[in-house]
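A short worksheet on the structure shown next.
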Number of protein chains: 2
Amino acid sequence: MRVNRRDKSPASVKGIRGRSLSNPTIARLPIYQRVIEGYSRQGIATIDSSTIATLTGVTATTVRRDLAGMGQLGVRGSGYDVALLRTKIGEALGHDRNYSVVVVGMGNLGQALVNSSNFLIHGAQLTALYDASPSVIGKEIGGQIVRSIDEPILAASVGVITVPAAAAQEVADQLVAAGVKAILNFAPTVVNVPIGVVVHYVDFSIELQILVSHMLHSLNFAGGVLQSLGITASGPSSNVP
Amino acid sequence: MRVNRRDKSPASVKGIRGRSLSNPTIARLPIYQRVIEGYSRQGIATIDSSTIATLTGVTATTVRRDLAGMGQLGVRGSGYDVALLRTKIGEALGHDRNYSVVVVGMGNLGQALVNSSNFLIHGAQLTALYDASPSVIGKEIGGQIVRSIDEPILAASVGVITVPAAAAQEVADQLVAAGVKAILNFAPTVVNVPIGVVVHYVDFSIELQILVSHMLHSLNFAGGVLQSLGITASGPSSNVP
DNA sequence: ATTTGTGAAACCGTTCACAGCA
DNA sequence: TGCTGTGAACGGTTTCACAAAT
């Protein structure tokens, strides 16, 4: 599924027991984990690689290679034990660790993240929120009082940047000074950090542009049907459906 | 940045004049475009591959390969014309097209997207917003009145899904029925669509998990310093800094 | 019979090294 | 001289095909 890797990470990292997990593998593990947790909730005891494959859009061979990288987990002839798989993938992803997360920038996006039941899971502990605007400082969001960005940032493992691009580098510097070892940056700009700090970028505009580019090229394959779909050359704002 | 790619797309697509642009290349073009637009605004006429490289964190060779895929754009000895580059990358990304975007789900995230000055750029026309909740239906957000998801979805090129996972497949079906050719899905679930419809996934939780996994492995390399960083084994909610 | 785990091959993208051109 | 464009080498991931295990 995913291709992008706008990511400053080593090309591969050591797995739990010295085995090596490649970046593409690590990016797929959370997807596997989602379907495995679904099976676990339903009380299903085993799952095979081709089931995981069809449910995630990955090939069965790739699933087996990925899982083999974490040890001898499967049983030939029957498949993988759901509980064991969940444990092992969880270990690789750090689900068995507690780590602290601070979020800087309590606009719509910051609030969306903090309020989302999907974001802070698997050991992530939200420990502080920051914003520059007096209109939100002091308000309670997601069980935390929003602090002023002028206060020193509390020590944490992970920092999330949801401020405008112009402020992102300064916030990154503050996070690094606070000892953060990983930054998830939603601001549309590159931030510079010392080695030893991992930065991962999520940029909505870029995701949309990638999507549109794929759409246009796939429509080109289908023939010259752009006009009939309401996709028009730029100019005086034409009617778009 | 994007590392990585949860993406249902052909492995490579035909470029503007029959040349082929790989998925990694397409993912990098918006990043190049961002620095090129900066140069354009400053009135700088030419830029060379190594400048683009240092400003984007990509190697100069990769920049040249990517750009060469769109034609003979550079001038040996001097570099690339900023205006030409902007035009050509814009064409590859569809910046010269107008396409319509509908957003389904006007919670925090949907509002964050619609209100962001960074999201809807380069030809994207927001044409309708939908939600299921009576508390937002009828309200104006980003210049649009929020419609009920029970109304038929208006024809559009791109659909953005920002609803809870449980509703995502149903919304995807509605979008497909409305003729949408590309879906940007923020819901943490896989959606099934007919061939010819492109789906691109953005999943905050997965991005965080990937980041944390990289962080943990990079810390493992650095030695057993997890404890001192406040990253602890799971158990009774211990104090995290 | 069924499904894993894995050598070997195929594939893809990046980097090297340099030829080609202004 | 300086920088692009690209053949060739390289490194890494995916896929194939099958042996191994239950």
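Quick note on labels: first sequence line is chain A, next is B, and so on, each numbered from 1. Computed from a prediction, not measured in an experiment: that's the story for all the values here.
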Euclidean distance, atom CG of residue A/Leu29 to atom P of D/dT13 [Å, nearest integer]:
13 Å

Sorted by number, the residues of residues 36-44 of chain A with heavy-atom contact under 4.0 Å to DNA chain D:
none

Which atom names give the shortest non-hydrogen contact between A/His200 and B/Ile210, and what distance separates them?
CE1-CG2, 4.0 Å

Roughly how many Å is it from CG in A/Asn23 to C1' in C/dG13, rounded to a whole number?
15 Å

Reckon A/Ser49 touches a base, only the sugar-phosphate, or nothing at all at heavy-atom distances under 4.0 Å?
sugar-phosphate

Please work out if A/Thr25 contacts a base, only the sugar-phosphate, or nothing of the nucleic acid, heavy-atom cut-off 4.0 Å.
nothing

Between B/Thr162 (side chain only) and B/Gly105 (backbone N and O only), is there a donor and an acceptor less than 3.5 Å apart?
yes

Could you check whether any side-chain N or O of B/Thr87 sits under 3.5 Å from a backbone N or O of B/Ala83, counting only pairs where one atom can act as donor and the other as acceptor?
yes

Is the backbone N or O of B/Arg86 less than 3.5 Å from a side-chain atom of B/Gln33, with the two atoms forming a donor-acceptor pair by type?
yes

If the test is side-chain contact (heavy atoms from CB on, under 4.5 Å), which one of B/Leu67, B/Thr46, B/Asp48 qualifies with B/Tyr80?
B/Leu67

For B/Ala92 and A/His217, the nearest pair of non-hydrogen atoms, with its separation, is O-NE2, 3.4 Å

Across nucleotides 16-22 of chain D, 5' to 3', mark each nucleotide with B, S or - according to how protein heavy atoms within less than 4.0 Å reach it.
BB-BBBS

d(CZ, A/Arg28; C1', D/dG12) in whole Å:
12 Å

Over how many whole Å does the gap from A/Asp66 atom CG to D/dG12 atom C1' extend?
14 Å

Under 4.0 Å between a side-chain N/O of A/Tyr80 and OP1 or OP2 of C/dG5, yes or no?
yes

B/Leu73 CG - C/dC21 P separation (whole Å):
17 Å

Between atom CG in A/Leu67 and atom P in C/dT3, what is the gap in whole Å?
15 Å

To the nearest Å, how far apart are B/Tyr32 OH and D/dT4 P?
13 Å

Here the pair of heavy atoms bringing A/Thr189 nearest to B/Arg34 is N-NH1, 4.0 Å

If you check every side-chain atom of B/Thr62, which of C/dT4, D/dT4, C/dT15 has the closest atom?
C/dT15

Return the set of residues passing ring-ring contact (aromatic ring centres under 6.0 Å, His included) with B/Tyr32 (not counting sequence neighbours), or none when no residue passes.
none

Whole-Å distance, A/Asp48 CG to C/dG5 C1', equals 14 Å

Minimum heavy-atom distance B/Ile121-B/Tyr99, with the two atoms named:
O-OH, 4.1 Å

